[in-house]
Amino acid sequence: MTEKLVTIFGGSGFIGRHVVRKFAAAGWRVRIAVRDTRAAAFLKPAGDLGQISLTPTSIRDDASVAAAVQGADAVINCVGILYQRGARTFDAIHVDGARRIAKAAAAAGAGHLVHISALGCDADSPSVYARSKAAGEAAVQDAFPTATILRPSVVFGPEDGFFNLFGRLAQLFPVLPFFTDIVPHVQGGGGSKFQPVYVGDVAEAVLQSVTVSGHCGDTYELVGPRVYDMREILQIVNHETMRRRWIIGVPYIVAQVQAFFLQYLPTPLLTPDQVKLLKHGNVAHGGKPGLEDFGITPSAVEGIVGSYLKRFRPVQQTKRMRLSPRNGQ
Ligand SMILES: NC(=O)c1ccc[n+]([C@@H]2O[C@H](COP(=O)([O-])OP(=O)(O)OC[C@H]3O[C@@H](n4cnc5c(N)ncnc54)[C@H](OP(=O)(O)O)[C@@H]3O)[C@@H](O)[C@H]2O)c1
């Protein structure tokens with residue numbers, strides 16, 4: 001184990017837990033800064049005895065953030081929210097929280113800061129989420145000019161909220177809808193376009209931002225090897241879940257009406273702000289360096305999603321697959 005210490009904010013989240021495991025496997029001491037340390041205790045076995053510690057932190061509190069970065073050689077910010085609730089606003093988390101971490105990291109003399117932003121962040125976006133991500137980047141660069149900023153597209157992996165959501169819908173309903181502004185059957189009518197990136201590749205880029213020189217002060221767009229429209233994404237879901245659900249295109253106005261009601265669920269399935277993001281799609285435009293500049297070959301969706309979408313297959317299919325090797329003997 002090295003004596004190097006990394007503090008990972010949001011280490012219990014989907015991306016954060018993969019980053020924790022990467023640094024632990026590389027021999028770093030890892031301090032996970034989370035609000036609920038008991039809920040994050042499942043990460044302790046990712047390291048040797050004493051290698052991973054948990055510290056209770058809210059990124060809305062100066063003192064706890066300062067304590068969390070004390071003595072850290074590197075600081076990673078994987079904190080983010082998808083919808084606003086009460087005082088948990090995009091500005092409070094993505095801008096003020098990010099600034100607080102960057103200032104504290106600079107004051108503590110950390111050598112590296114890696115900030116997870118999002119592809120499509122834009123100060124002029126109609127989406128409040130995307131605008132707050134852009135403002136967060138500016139705040140981080142102001143407080144810690146050598147920070148590395150990573151902008152992932154939609155991230156996929158075993159615990160993702162994207163393919164798993166559609167896998168669950170395929171399990172429960174006979175229809176898989178996607179939203180489009182164009183007649184579904186004409187060219188380009190397959191809905192918005194996405195370029196999903198594998199969570200393991202994102203975590204590797206975070207590790208390399210810290211351990212390999214030459215990435216300080218740069219902004220990267222992290223995307224997968226292929227662009228898919230929503231209809232193609234749902235075809236993959238149908239294939240991997242061994243379902244034959246109808247895939248139908250519906251106008252965005254339906255999404256807007258649904259989102260209006262769904263935003264009031266305790267954990268909203270869709271919000272009006274997310275519809276604005278969805279409509280825009282999430283594809284790199286080639287103006288920034290990417291995974292290849294870390295020497296990482298982006299992983300394809302097809303080689304990975306089947307390993308976790310199989311939980312949504314019909315029970316008899318799963319049984320048949322389990323039994324088939326014995327039948328062949
Ligand atoms: N997943 C994607 O497809 C995707 C794509 C592009 C960009 N991103 C960005 O990547 C980052 C990580 O996303 P994710 O998918 O891993 O999100 P996630 O699974 O929701 O995890 C978010 C993490 O942030 C923590 N957090 C939230 N509010 C906090 C607060 N006030 N103080 C301290 N910690 C707080 C959460 O801890 P609690 O358990 O305590 O809430 C959790 O550990 C975010 O910035 C997100 O915008 C994600």
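In this text, all values refer to a predicted model and were calculated from it rather than measured experimentally. Read the numbers this way: they start at 1 and go in the same order the structure lists the ligands and their atoms. Throughout, numbering of the chain's residues begins at 1 and tracks the sequence.
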What protein heavy atom is closest to [atom], reported as residue, atom name and distance in Å?
atom	answer
atom 45 (O) of ligand 1	Lys133 NZ, 2.7 Å
atom 44 (C) of ligand 1	Gly80 CA, 3.6 Å
atom 37 (O) of ligand 1	Ser12 OG, 3.7 Å
atom 34 (N) of ligand 1	Val79 CG2, 3.8 Å

Quiz question for you: does at least one protein heavy atom lie closer than 4.0 Å to atom 17 (O) of ligand 1?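 No, there is none.
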Taking a cutoff of less than 4.0 Å between a non-hydrogen atom of the residue and any ligand atom, is Phe156 in contact with ligand 1?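 It does not, in that no heavy atom of Phe156 comes within the 4.0 Å cut-off of ligand 1.
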- [ ] For ligand 1, note which part of Tyr129 has a heavy atom under 4.0 Å away: side chain, backbone, both or neither.
- [x]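 The part of Tyr129 near ligand 1 is the side chain, not the backbone.
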What about [X] and [Y], are their ring centers closer than 6.0 Å?
X	Y	result
Tyr129	Tyr83	no
Phe156	Phe162	no
His215	Tyr220	yes

Heteroatom proximity flag, [X] to ligand 1, N/O under 3.5 Å:
X	result
Arg88	yes
Ala118	no
Phe14	yes

- Item | Salt-bridge criterion met for Arg100 and Asp62 (N-O under 4.0 Å) |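 Yes.
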Exercise for review: Check each of Ile81, Thr89, Val79 against His94 using the side-chain contact (heavy atoms from CB on, under 4.5 Å) test, and report the only one that passes.
Suggested key: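 By the side-chain contact (heavy atoms from CB on, under 4.5 Å) criterion, His94 pairs with just one of Ile81, Thr89, Val79: Ile81.
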